[in-house]
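Here the structure comes first, spelled out in structure tokens, and everything after it is commentary.
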Amino acid sequence: MSNKLEHIDIIFEEFLRSTSIFKDRERMRPDYLPETLPHRDRQMSRLSSMVAPALRLDRCSNVFVYGKTGTGKTAVSRLVASRLYNKGMENSIPIRTSYVNCRIAGTDYRILSQMCSNVGLTIPFTGLAATELLTRLVHALESTGQLLIAILDEVDALVKDQGDDLLYELTRINESDSKAKLSLIGISNDLTLKERLDARVLSSLCGEEVVFTPYTASELYDILQERVAFAFRHGVVSRGVIRLCAARAAIEHGDARKALDLLRVAGELADREHCSEVLEGHVLLAERRMECDRVSDALRTLPLHARIILCDLVNMKLGSCGTSTGEVYDEYKKLCRSLLLEPLTQRRVSGILSELDSMGLVNAKLQSLGRYGRTKRIRLSVAPEMIRDAFSQDLLSTAALGEKVAS
DNA sequence: CTTCCACCGGAAGTACCGGTAA
DNA sequence: TTACCGGTACTTCCGGTGGAAG
């Protein structure tokens with residue numbers, strides 16, 4: 001026992017003695033908001049001029065911000081909002097800002113709850129009607145005279161699984177006779193979102209648009225270089241390493257988040273090896289590591305029946321041509337019976353397969369077989385060993401659960 | 001050209017849970 | 001305590017649908 005404790009102490013002391021190659025690691029984190037955003041001047045000034053009327057407590061029009069992941073939408077919006085807030089504070093103008101990631105918040109209720117807390121209301125986790133939150137929000141805005149700028153990030157996720165009712169209610173506040181002032185900045189990486197919106201929401205939300213184009217490799221290089229100067233010690237990251245990170249991220253539509261993550265993880269790997277600089281090998285290793293982490297994270301949080309379906313796919317030993325929904329469902333029913341579990345309906349299994357597809361764990365492509373119907377061609381997109389490893393422990397508990405259900 | 005397969009996927013409803021307000 | 005709330009996971013129902021076969 002004491003042996004182990006000594007061992008822990010040794011690790012900590014070694015950590016204290018060693019010098020990190022990071023100067024300020026926080027600056028490499030994906031949610032860090034830098035002071036400057038290279039190659040985004042145009043978008044920044046456009047958005048600023050759109051929200052500027054708020055400084056006279058005039059309602060400004062809602063804005064729709066569109067661009068692929070990691071193109072700076074969130075950073076630009078948050079930076080503009082925080083500058084606006086500060087300017088308001090300086091001049092005693094009651095501007096409030098609210099940032100909500102709709103995908104993470106997940107539901108109308110939690111989005112409203114976040115907005116309420118940003119204007120100084122305390123809201124219980126649950127128990128209230130969503131319309132009640134909306135009423136309280138409007139009332140708070142009216143009575144305090146605050147103007148709220150709400151940034152709704154990944155608003156496409158909200159519309160996809162909750163519909164556009166909330167957006168409609170929110171856009172209506174600004175247009176109604178009430179004194180409440182609320183402007184929305186909707187951020188989406190899916191342009192087809194507009195097709196799913198009600199005409200009234202569309203005209204109100206998408207009246208003004210700011211488009212973010214993907215970064216090129218050389219723009220990514222500039223972004224990385226600027227961060228490196230603050231985040232790492234001098235001389236530990238070579239130009240070649242920065243160029244490699246930029247190039248790897250540029251392959252995926254110029255994703256700055258990926259570029260920064262890549263360099264940060266590579267730096268952490270180098271640190272752990274007590275290496276005095278980040279090498280290209282670290283970057284390549286980091287890329288592999290990040291992919292593994294993503295997959296095992298996804299696997300670990302999967303519900304029971306999704307796991308059973310994945311086990312099925314592993315057991316079926318799919319060739320290159322994959323399998324179909326119907327075949328998966330037959331196998332799934334067999335496996336459920338052997339586990340003494342009640343199988344779900346085919347509709348649900350089809351839905352789970354689509355969910356696994358969007359998580360990147362399987363590849364499900366719609367295929368028509370003409371006279372022989374339509375189905376999804378399903379293939380695993382991760383190595384079967386990874387699934388087996390992740391579930392090797394849990395399968396025992398799955399079997400135990402099966403027995404529990406039976407008894 | 002029409003038919004028709006084997007599903008897809010939207011919509012609405014159900015059951016259950018953990019929570020709140022009055 | 002009771003009536004109501006949201007969240008999650010699921011079922012039921014059903015109107016599509018791409019394209020090979022006839």
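Protein chains get the first letters and strands the later ones, always in sequence-line order, with residue 1 at the start of each.
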- Item | Check: A/E90/A/N86 side-chain N/O donor and acceptor closer than 3.5 Å | no

- If you measure only the distance, is there a donor-acceptor pair under 3.5 Å linking the side chains of A/S204 and A/N62? yes

Length of the line joining [X]:[atom1] and [N]:[atom2], which is rounded to integer Å:
X      : N      : atom1 : atom2 : answer
A/L112 : C/dC5  : CG    : C1'   : 14 Å
A/D165 : B/dA11 : CG    : C1'   : 13 Å
A/E355 : C/dA9  : CD    : P     : 8 Å
A/Y372 : B/dT3  : OH    : C1'   : 13 Å
A/Q114 : C/dG6  : CD    : C1'   : 17 Å
A/R348 : B/dA11 : CZ    : C1'   : 15 Å
A/Y109 : C/dC4  : OH    : C1'   : 12 Å
A/I309 : C/dA9  : CD1   : P     : 13 Å

[options]: which one has an atom nearest the side-chain heavy atoms of [X]?
X      : options              : value
A/R347 : B/dT3, C/dT12, C/dT8 : C/dT12
A/T325 : C/dG6, B/dC8, C/dC10 : B/dC8
A/R371 : B/dT3, C/dG7, B/dC8  : B/dT3

- Query: Any donor-acceptor pair under 3.5 Å joining the side chain of A/S368 to the base of C/dG18?
  - Reply: yes

- Query: Closest nucleotide of DNA chain B for A/G326 versus for A/L128: which of these residues is on the 5' side?
  - Reply: A/G326

- Would you mind telling me which residue lines up with the more 5' stretch of DNA chain B, A/S354 or A/G373, judged by nearest nucleotide? A/G373

- Within 45° cone of A/F22 ring axis and under 6.0 Å: A/R27 NZ or CZ: no

Measuring to OP1 and OP2 of [N], would you say a side-chain N or O of [X] lies under 4.0 angstrom away?
X      : N     : answer
A/K376 : B/dG9 : yes
A/S350 : B/dC8 : yes
A/R110 : C/dT8 : yes

- Query: Is any side-chain heavy atom of A/V76 less than 4.5 Å from a side-chain heavy atom of A/V65?
  - Reply: no

- When you look at CZ of A/R96, are more than 12 heavy atoms from neighbouring residues, nucleotides or ligands closer to it than 6.0 Å? yes

- Message: Applying a 4.0 Å non-hydrogen cut-off, can you work out what A/Q346 is touching in the nucleic acid: base, sugar-phosphate, or nothing?
- Response: sugar-phosphate

